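Report on the following structure.
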Protein chains: 2
Amino acid sequence: MAPQTSETLTAERILEATEEVLRRHGPAKATVVDVARALGVSHGSVYRHFRTKAALREAVTKRWLDLTSQTLSGITADEGRAPEARLRDWLTALFEAKRRKAGDDPELFATYMVLTADSGTAVGEHLADLTGQLTSIIEAGVASGAFATADPAASARAVFHATGRFHDPGYSEVWERPGIEDDFTAVVDLLLHGLRPQRPS
Amino acid sequence: MAPQTSETLTAERILEATEEVLRRHGPAKATVVDVARALGVSHGSVYRHFRTKAALREAVTKRWLDLTSQTLSGITADEGRAPEARLRDWLTALFEAKRRKAGDDPELFATYMVLTADSGTAVGEHLADLTGQLTSIIEAGVASGAFATADPAASARAVFHATGRFHDPGYSEVWERPGIEDDFTAVVDLLLHGLRPQRPS
DNA sequence: CGAATGACAGATTTCAATATCTGTCAGCTG
DNA sequence: CAGCTGACAGATATTGAAATCTGTCATTCG
């Protein structure tokens, strides 16, 4: 039952084992002892790499959140494409990524909802990263004349807040409802229209 | 301890007592027996007016939700004013009403969050009522040329969804954060801009 | 000597026995 | 006799004792 490998015990291996234990047991019943058992070591060894259980949970959470950030950063960085198209694709990709995570493995998604709820700084940093990406797309749009705003960062926050229903985990149960695609499109259309200059000169 | 009055037992009196019991005990510990005790009757009498505890809870919830709807309907019905101003005021009033409820009595607000979470149709009807009011304001705007949209009801839903962060109870803890007013204004500005005709002819 | 162990104290969780609650209904009461 | 009561069965919640977990650290191991 204890898949003892002879590799050295690294933070990375502990995170992998933690993820697996969380997947199997859920957030309420996953213990540090379980993680240590999965690795074939004593739980004291785990505490050598992570000062507390909370720190271990936060590290796993950060890892999970970074997956999404990295996917989106591809769109953000693609500076050849028109900012309007990039903004729409970015928001769509965010929605789709979240929806897929929630739909494909609801229990794991619920697990991460619990983890993010009491994660210290990881979620805040994740949100800052995402709004930063949005800001960069909007700035490109302002530079090209596609968008008009006095404060790209504020507009980025507004766009992010306004699309919360389509990426905030708290709404995950509505993501399966019929018509959600239309709702998403309606909001994005309205926001893109709102970002356009008043009268294209 | 039992404030026995000689008035007849009506649904309305039961609802008042229920509200009071909920305020004192919270949603988890408020029982039908408590409500009956507060009224000085047996719990069997309460079941004469409400078939189940769930029905009683839903009736109290509906009562509470209707307060907000009625406040806003005043703005909706004020057809003398410009649709743009009405729309902004309506959204502001919704935000302020929710924020005041949450801020003034956090425990009662938390109680109603629990009640609404497992309310059958009451919440759905409330949301339909609110989006209906929004639709009516937007239709007035389309008629006056202030707004342009092919489908006012769809735009109303989009506006409602996009402002969820400022009225959805799930976000109540962010309503006290500094800067929330600016966030609200930024989103509303963007939406109002988005509703305006592309080129005023 | 650095990494890992396992016993330990205090905090948290589990579990089963006990108490309370929900919803019904036959009978009481004014 | 319309409205209310209170006993009841099954479901749910509370409680406190026992088990487990978290985080530490003196000791062991390679």
Side-chain angles (χ1 to χ4, degrees), chain A residues 1-61 107 110-111 114-115 117-120, chain B residues 1-61 107 110-111 114-115 117-120:
Chain A
M1 272 297 164
Q4 168 98 37
T5 76
S6 52
E7 293 173 52
T8 19
L9 189 60
T10 62
E12 182 57 26
R13 281 189 66 223
I14 292 173
L15 289 179
E16 282 164 17
T18 304
E19 213 167 31
E20 183 56 24
V21 167
L22 282 167
R23 193 187 303 274
R24 275 206 222 291
H25 295 66
K29 298 172 99 178
T31 73
V32 176
V33 172
D34 288 331
V35 174
R37 191 169 24 240
L39 288 162
V41 299
S42 82
H43 74 280
S45 301
V46 174
Y47 279 98
R48 176 163 299 283
H49 295 264
F50 296 93
R51 287 219 318 296
T52 64
K53 186 188 187 179
L56 175 56
R57 285 176 157 223
E58 183 149 2
V60 177
T61 304
E107 292 191 21
T111 290
V114 172
L115 293 193
D118 42 42
S119 120
Chain B
M1 272 298 164
Q4 168 100 36
T5 76
S6 52
E7 292 174 55
T8 21
L9 189 60
T10 63
E12 183 57 26
R13 282 190 65 222
I14 293 173
L15 289 179
E16 282 163 18
T18 304
E19 214 168 31
E20 183 57 25
V21 167
L22 282 167
R23 194 186 306 272
R24 275 206 222 291
H25 295 64
K29 296 171 100 178
T31 73
V32 176
V33 172
D34 289 330
V35 174
R37 191 166 27 239
L39 289 163
V41 299
S42 82
H43 75 279
S45 300
V46 174
Y47 279 98
R48 179 161 298 281
H49 295 265
F50 295 94
R51 286 219 321 293
T52 65
K53 185 187 189 181
L56 176 56
R57 287 177 155 219
E58 183 149 3
V60 177
T61 304
E107 292 190 20
T111 290
V114 172
L115 292 194
D118 42 44
S119 120

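A quick note: this is a predicted structure, and the numbers were derived from the prediction, not measured.
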Every protein N/O within reach of nucleotides 3-6 of chain D N/O, cut-off under 3.5 Å:
| unit_1 | atom_1 | unit_2 | atom_2 | d |
| --- | --- | --- | --- | --- |
| D/dC4 | N4 | B/Arg48 | NH2 | 3.3 |
| D/dT5 | OP2 | B/Ser42 | N | 2.9 |
| D/dT5 | OP2 | B/Ser42 | OG | 3.3 |
| D/dT5 | OP2 | B/Ser45 | OG | 2.6 |

Between the protein and nucleotides 11-20 of chain D, list every N/O to N/O distance that falls short of 3.5 Å.
none

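Per the geometry, CG belonging to A/Leu56 stands 15 Å off P belonging to D/dC21, to the nearest Å. Rounded to an integer number of Å, the gap from A/Arg37 CZ to C/dT5 C1' is 16 Å. In this structure, the CZ atom of B/Phe50 is 16 Å from the C1' atom of C/dT22, given to the nearest Å. Distance, B/Asp34 CG to C/dC21 C1': 10 Å, rounded to whole Å. The OH atom of B/Tyr47 sits 4 Å away from the C1' atom of C/dT22 (whole-angstrom rounding). Distance A/Leu39 CG to C/dA4 C1': 13 Å, rounded to the nearest Å.
Note that NZ of A/Lys29 is 10.0 Å distant from CG of A/Asp34, once rounded to the nearest 0.5 Å.
Listed here is the closest heavy atom pair of A/Pro27 and A/Leu22: CA-CD2, 3.9 Å. Of all the heavy atoms in B/Val32 and B/Lys53, the pair that sits closest is CG2-CG, 3.7 Å. Heavy-atom minimum distance, B/Glu19 versus B/Val60: CG-CG1, 4.5 Å. A pairwise comparison of heavy atoms in A/Gly26 and A/Thr111 identifies CA-OG1, 4.0 Å as the closest pair. Annotation for A/Thr8 and A/Arg13: closest pair O-NH1, 3.2 Å, computed over non-hydrogen atoms.
Between B/Ile14 and B/Thr10, every side-chain heavy-atom pair lies at or beyond the 4.5 Å cut-off.
Ion pair A/Arg24/A/Glu20 flagged as a salt bridge, since at least one NZ, NE, NH1 or NH2 atom sits closer than 4.0 Å to an Asp/Glu carboxylate oxygen.
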